Protein chains: 2
Amino acid sequence: MATASSRLRRLVADELGECCDADVDRRLTELERLADDAFADDASRPVFAVLGNETRYRLARVLAVADDELCVCELEPLVDVSESAVSHALSDLVDAGLVSRRKDGNWRYYDSTDLADGLFAAADRGASEESEVSDQ
Amino acid sequence: MATASSRLRRLVADELGECCDADVDRRLTELERLADDAFADDASRPVFAVLGNETRYRLARVLAVADDELCVCELEPLVDVSESAVSHALSDLVDAGLVSRRKDGNWRYYDSTDLADGLFAAADRGASEESEVSDQ
DNA sequence: TAGTTATCTGAATGCTCCTTCAATCAGTAC
DNA sequence: GTACTGATTGAAGGAGCATTCAGATAACTA
């Protein structure tokens, strides 16, 4: 079997025509720096994971579309899971910074944050661009 | 136990001071329209789910940070999973429209799409705003 | 042709995590 | 105080998914 490093050496040789150890080392250094930059903040991955679940995604979407904040009892009929599941989902959304919570007596009001709005906008923008391409 | 509708009725009564059936019906109609708008395109949820996995997230991040396309053998050493897992992950990213694939002989080059770039930008923007708030 | 290379695909297992049930927590009304 | 309310929390079972191994594929080389 070919090791990862031997494969990288052949790749560099292919791209440069020929290659010496220094060329391979340089490429390796570039890749390490790249990884450092990319993994500098692993903090945003949980945000994506939270929105990957259908219940949480739907709740976040509704809150993003709504003009104002919504109560739990208004959100519950919009998703087909138990009251407890809704509460769990909303807590996860709050923890991820995608939703804000406000208490008023026995009622809890939730609203979407700028982070959620921005992510949905980016996702929708990407989706529309994709359909434009496929329409051509 | 309280039904969802009875709770909604009490909420409307609380907010309006008093309430009749028409008020509750109106609120219900608003909520249904809201749900229709929010769930119009469920297409972007898989995108978030794909980025929720650490291996796929890292690969997508590296490709987004890199100036140009990268080969599989360059990506493999950056994540701590098998060669097969990298291939699976890259396929999932391509299917989700987050990454593009180009064949050149035996080499496959991957690059991030505008969709991925936009999502990461939105996530990073949200994260920086959050830190600003907490810094105050 | 046969052999190698880089990468992909499919099946299976192990693990994560989503949902539910039950109990509990804060508020409110009496 | 007790009896309600809306909502949350914790534990547990089950469904789904990520990884791995094994084998396959397409392209290059001798």
Side-chain angles (χ1 to χ4, degrees), chain A residues 1-15 45-60 69-96 99-110, chain B residues 1-15 45-46 48-60 69-77 79-96 99-110:
Chain A
M1 91 152 218
T3 64
S5 58
S6 71
R7 211 174 305 183
L8 183 63
R9 188 186 185 87
R10 268 189 292 269
L11 177 73
V12 175
D14 254 36
E15 290 183 0
R45 188 182 67 81
V47 169
F48 293 113
V50 163
L51 287 179
N53 171 260
E54 178 159 7
T55 299
R56 292 186 298 248
Y57 175 85
R58 294 197 144 205
L59 291 171
E69 58 191 5
L70 289 176
C71 180
V72 176
C73 66
E74 293 176 293
L75 291 167
E76 201 200 298
L78 303 183
V79 292
D80 198 28
V81 292
S82 73
E83 182 185 339
S84 174
V86 172
S87 189
H88 278 291
L90 288 169
S91 286
D92 293 340
L93 287 166
V94 170
D95 291 343
V99 149
S100 65
R101 169 163 37 200
R102 183 176 70 84
K103 296 168 70 172
D104 181 17
N106 265 339
W107 310 102
R108 313 291 158 91
Y109 289 94
Y110 288 86
Chain B
M1 91 154 219
T3 63
S5 57
S6 70
R7 211 175 304 183
L8 183 62
R9 187 186 185 89
R10 268 190 291 270
L11 177 73
V12 175
D14 254 36
E15 289 184 1
R45 188 182 66 82
F48 292 113
V50 163
L51 286 178
N53 171 261
E54 178 159 9
T55 299
R56 291 187 298 247
Y57 175 85
R58 294 199 145 204
L59 291 171
E69 57 190 6
L70 289 176
C71 181
V72 176
C73 67
E74 293 176 292
L75 292 166
E76 201 201 297
V79 292
D80 198 27
V81 291
S82 73
E83 184 185 336
S84 174
V86 173
S87 189
H88 278 291
L90 288 170
S91 286
D92 293 341
L93 287 166
V94 170
D95 290 344
V99 149
S100 65
R101 170 163 36 200
R102 183 176 71 83
K103 295 169 70 171
D104 181 16
N106 264 337
W107 310 102
R108 313 292 157 91
Y109 289 95
Y110 289 85

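In this text the structure is predicted, and so the values were computed from the model without any measurement. Order of the sequence lines sets the chain letters (A, B, ...), proteins ahead of strands, with each chain counted from 1.
For N53(B) and dG16(D), the CG to C1' distance is 13 Å, given to the nearest whole Å. The separation between E83(A) atom CD and dG10(D) atom C1' is 16 Å, rounded to whole Å. Following rounding to the nearest Å, D14(B) (CG) and dT5(D) (P) show an atom-to-atom distance of 13 Å. Between the CG atom of L8(B) and the P atom of dA7(D) there is a distance of 10 Å, given to the nearest Å. Protein atom CG of D95(B) is 13 Å distant from nucleotide atom P of dA18(D), rounded to whole Å. Atom CD in E15(A) sits roughly 13 Å away from atom P in dA6(C) (whole-Å rounding). If you measure from atom CG of L11(B) to atom C1' of dG27(C), you get 15 Å, rounded to the nearest angstrom. Between L51(B) atom CG and dC17(D) atom P there is a gap of 16 Å when expressed in whole angstrom units.
The aromatic rings of F48(B) and F48(A) lie parallel to each other, their planes meeting at an angle below 30°, with 60° marking the opposite boundary.
Using a 4.0 Å heavy-atom criterion, one finds that Y110(B) contacts the sugar-phosphate atoms exclusively.
For T55(B) and dA18(D), the shortest distance from a side-chain N or O to OP1 or OP2 is not below 4.0 Å. Of the side-chain N and O atoms in R56(A), one or more sit less than 4.0 angstrom from OP1 or OP2 of dC18(C). Side-chain nitrogen and oxygen atoms of R10(A) include at least one within less than 4.0 Å of the OP1 or OP2 phosphate oxygen of dA6(C). Here S82(B) does not reach the OP1 or OP2 of dT19(D): none of its side-chain N or O atoms lies under 4.0 Å away.
Every residue two or more places apart in sequence or in another chain that forms a side-chain hydrogen bond (donor to acceptor under 3.5 Å, both in side chains) with D14(A) is listed here: W107(B). With sequence neighbours left out, the salt bridge (charged side-chain N to carboxylate O under 4.0 Å, His left out) criterion links R58(A) to E54(A). Contacts of N53(B) classified as side-chain contact (heavy atoms from CB on, under 4.5 Å), with partners at least two apart in sequence or in another chain: T55(B), R56(B). Scanning for salt bridge (charged side-chain N to carboxylate O under 4.0 Å, His left out) contacts around R101(A) gives an empty result, with sequence neighbours left out. Under the side-chain contact (heavy atoms from CB on, under 4.5 Å) criterion, A49(B) pairs with no residue, sequence neighbours left out. The side-chain contact (heavy atoms from CB on, under 4.5 Å) search around N106(A) returns none, not counting sequence neighbours.
Each of A49(A) and W107(B) was assigned the nucleotide of DNA chain C with the nearest heavy atom; the assignment lying further toward the 5' end belongs to W107(B). Comparing R101(B) and V81(A), the nucleotide of DNA chain C nearest to each residue sits closer to the 5' end for R101(B).
A distance of 7.5 Å separates OG in S82(A) from NE2 in H88(A), rounded to the nearest 0.5 Å.
Counting only heavy atoms from C-beta outward, the side chains of R45(B) and L51(A) never approach each other to under 4.5 Å. Looking at heavy atoms from C-beta onward, V47(A) lies out of side-chain contact with V50(A) at the 4.5 angstrom threshold.
Taking a 4.0 Å limit (strictly below) on heavy-atom distances, residues 84-93 of chain A reaches DNA chain D at S84(A), S87(A), H88(A), S91(A).
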Practice task
Going 5' to 3' through nucleotides 25-30 of chain D, assign each nucleotide B (protein heavy atom under 4.0 Å from a base atom), S (under 4.0 Å only from sugar-phosphate atoms) or - (no protein heavy atom that close).
Solution key: -BBS--
